Protein chains: 2
Amino acid sequence: MKMPQTMERPLATVDVAIFAIVDNALQVLLVRRPDCAGEPFPGCWALPGGYIDVHKDASLEACAMRKLREKTGVRSPYLEQLGSWGSAKRDPRGYTITCVYFALLNAELVTLDHSGKVEAPTWQPVDGDGVRERLGFDHATLLAAALQRLRNKVEYTSLPAFLLPESFTLSDLQSAYETVLNRAVDKSAFRTRMLAADFIEPTGEQRASVTRPALLYRLKVRTPVLFPRTFSPRGETG
Amino acid sequence: MKMPQTMERPLATVDVAIFAIVDNALQVLLVRRPDCAGEPFPGCWALPGGYIDVHKDASLEACAMRKLREKTGVRSPYLEQLGSWGSAKRDPRGYTITCVYFALLNAELVTLDHSGKVEAPTWQPVDGDGVRERLGFDHATLLAAALQRLRNKVEYTSLPAFLLPESFTLSDLQSAYETVLNRAVDKSAFRTRMLAADFIEPTGEQRASVTRPALLYRLKVRTPVLFPRTFSPRGETG
DNA sequence: CTAATAAGGTTGCATAGTACAACTAAACTC
DNA sequence: GAGTTTAGTTGTACTATGCAACCTTATTAG
């Protein structure tokens with residue numbers, strides 16, 4: 001085997017698929033590629049990301065968190081590693097490996113910096129027309145994988161709660177599930193299930209509205225909760 | 001931002017956690033680190049792995065498949081990407097990123113090459129005494145993550161079927177589930193569930209034994225099957 | 001030939017979760 | 001105070017499965 005010093009090293013990057021609910025739709029934060037010569041995919045959209053800095057980034061997750069903070073200013077979103085892609089073909093500049101994360105956050109916490117830069121990040125509906133076609137590199141593949149993971153996990157976790165503000169109603173929560181799933185869910189079963197999972201608690205406040213006010217809830221735990229699966233013996237508590 | 005050419009590049013490797021059932025126990029294939037000076041973690045055990053070859057490895061998965069084939073000779077196991085770990089501290093030689101895969105295969109297909117080499121791979125029980133302590137690098141962490149992913153997925157997928165030979169009985173399959181989960185599961189519900197998932201079919205043969213012979217089955221599909229989850233409307237077929 | 005043994009495979013019942021649908025409750029508007 | 005809208009509950013049917021008992025089919029011992 002060759003020694004590591006003499007091995008040709010691939011470039012290593014981290015990309016982040018940042019999701020939020022904007023205008024009642026699931027949207028992803030995209031940046032525009034610089035439109036100058038020599039840059040790959042000029043003018044295309046891309047997931048925020050960049051090279052790993054071996055001096056600044058103590059870990060891959062720290063690197064993803066840094067990218068996320070740079071684009072959104074948000075410091076503590078839900079962040080999960082999605083997977084890695086690597087090949088000689090995905091970037092014309094050579095063999096690259098990218099480690100992709102996906103993040104969930106409340107859009108209200110984000111102030112997008114639109115100060116004249118062309119590369120300013122913007123929200124784009126995940127199912128919007130031609131988003132896939134306008135994405136550079138293999139980012140359409142990465143985004144599709146992130147969406148698939150998210151929609152799959154929503155079926156059995158509390159992930160959509162991380163798209164909401166600090167306090168929310170059960171209807172807000174159900175709406176977040178439905179927005180992500182792009183499908184209606186049953187109100188009765190939904191409420192039973194959420195309360196049984198015991199990851200939210202009433203704040204004691206209500207939200208005033210033009211109709212009957214709804215109880216407000218907050219997260220009891222900052223980590224996502226898994227709903228019950230199968231094969232579990234009856235007696236168990238976890 | 002710095003140009004990629006001037007960026008200090010981390011080393012990129014791929015490691016593989018290869019699982020099989022040996023002696024009725026879930027075991028993982030480990031290799032021994034060379035015991036010479038200058039090598040990190042001399043004499044320790046480690047997951048099989050190595051540097052990505054930007055000329056030979058068309059993708060990360062191709063690299064993992066290559067490592068797997070080199071150690072086991074098996075060409076088409078179940079292979080799934082687990083995740084990536086990167087930091088300056090996990091290898092004394094510098095900042096490294098490793099992309100970890102896990103594989104499931106039937107131990108009978110593997111012929112371990114024990115021709116005098118010290119680095120020969122060997123099966124080790126995953127819950128064996130001190131396996132964690134004897135692992136070099138952060139491979140104890142990687143192995144624990146692989147085990148967690150595997151045990152979690154077993155609850156709702158057909159993964160254990162990939163640990164069996166081409167034809168097997170339902171009792172064999174149940175035994176594989178129980179070996180991975182380290183727990184007994186109900187026979188009746190198990191059989192109903194496996195047959196309902198419709199991923200195996202009878203071969204038409206029986207296995208003779210000292211007691212009543214059992215029907216043999218084979219996989220209908222080579223891809224893993226997900227068992228039903230929740231939130232699904234009644235009418236749907238998939 | 002018969003009974004014991006042991007594993008394969010089935011049946012029946014209780015329960016939990018939830019899909020579906022209809023209902024009640026609490027606020028506002030007019 | 002009737003109508004409207006959303007919040008939240010109740011009740012029924014169905015499904016999967018945990019649990020346990022039962023029947024089936026082979027071998028082996030006597």
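For clarity, every value in this text was computed on a predicted model and none was experimentally measured. Letters A, B, ... are given to chains in the order of the sequence lines, protein chains preceding strands, and every chain is numbered from 1.
- When the side-chain nitrogen and oxygen atoms of A:S171 are compared with OP1 and OP2 of D:dA7, one or more of them lie within a distance under 4.0 Å.
- Taking side-chain N and O atoms only, B:R212 has no distance below 4.0 Å to OP1 or OP2 of D:dT24.
- Nucleotide D:dC14 holds its P atom 16 Å from the CG atom of A:D186, rounded to whole Å.
- Sequence order on DNA chain C of the closest nucleotides to A:K187 and B:L215 puts B:L215 first from the 5' end.
- Between B:L226 atom CG and D:dA16 atom C1' there is a gap of 17 Å when expressed in whole angstrom units.
- One N or O on the side chain of B:R149 and one on the backbone of B:L82 form a donor-acceptor pair closer than 3.5 Å.
- Atom CG of B:L195 is separated from atom P of C:dG8 by 15 Å (rounded to the nearest Å).
- Remark: C1' of C:dT18 and CZ of A:R183 are 13 Å apart, rounded to the nearest angstrom.
- To the nearest angstrom, P of C:dG8 lies 18 Å from CD of B:E205.
- If you take OH of A:Y156 and P of C:dT18, they are 15 Å apart, rounded to a whole angstrom.
- Atom CD of A:E70 has more than 12 neighbouring heavy atoms from other residues, nucleotides or ligands inside a 6.0 Å radius.
- Phosphate proximity of C:dT18 to A:R193: present, with a side-chain N or O under 4.0 Å from OP1 or OP2.
- Axis orientation changes by 20° from one end of the helix from C:dC1-D:dG30 to C:dC30-D:dG1 to the other, with each end axis drawn from 5 pairs and the value rounded to 10°.
- Distances were taken from every side-chain heavy atom of B:R191 (C-beta onward) to each of D:dG18, D:dG8, C:dG9; the shortest belongs to C:dG9.
- A donor-acceptor pair under 3.5 Å is formed between the side chain of A:H139 and the backbone N or O of A:L47.
- For C:dT11, its base sits under 3.5 Å from the side chain of B:S188 at one donor and acceptor pair at least.
- The side chain of B:A189 has D:dT17 as its nearest neighbour among C:dT18, D:dT17, D:dA26.
- The environment of A:R66 atom CZ is dense: over 12 non-hydrogen atoms of other residues, nucleotides or ligands sit within 6.0 angstrom.
- Here the side chain of B:V210 is nearest to one of D:dT27, D:dA26, C:dC28, namely D:dT27.
- A distance-only check finds no donor-acceptor pair linking the side chain of B:R132 to the backbone of B:L143 [under 3.5 Å].
- For B:Q206 and C:dG9, the CD to C1' distance is 12 Å, given to the nearest whole Å.
- Residue A:Q148 qualifies as open at atom CD: its count of foreign heavy atoms under 6.0 Å is 12 or below.
- Remark: B:L219 CG to B:E201 CD distance equals 9.0 Å, nearest 0.5 Å.
- Distance, A:D172 CG to D:dA7 C1': 12 Å, rounded to whole Å.
- Taking side-chain N and O atoms only, A:T211 has no distance below 4.0 Å to OP1 or OP2 of C:dC28.
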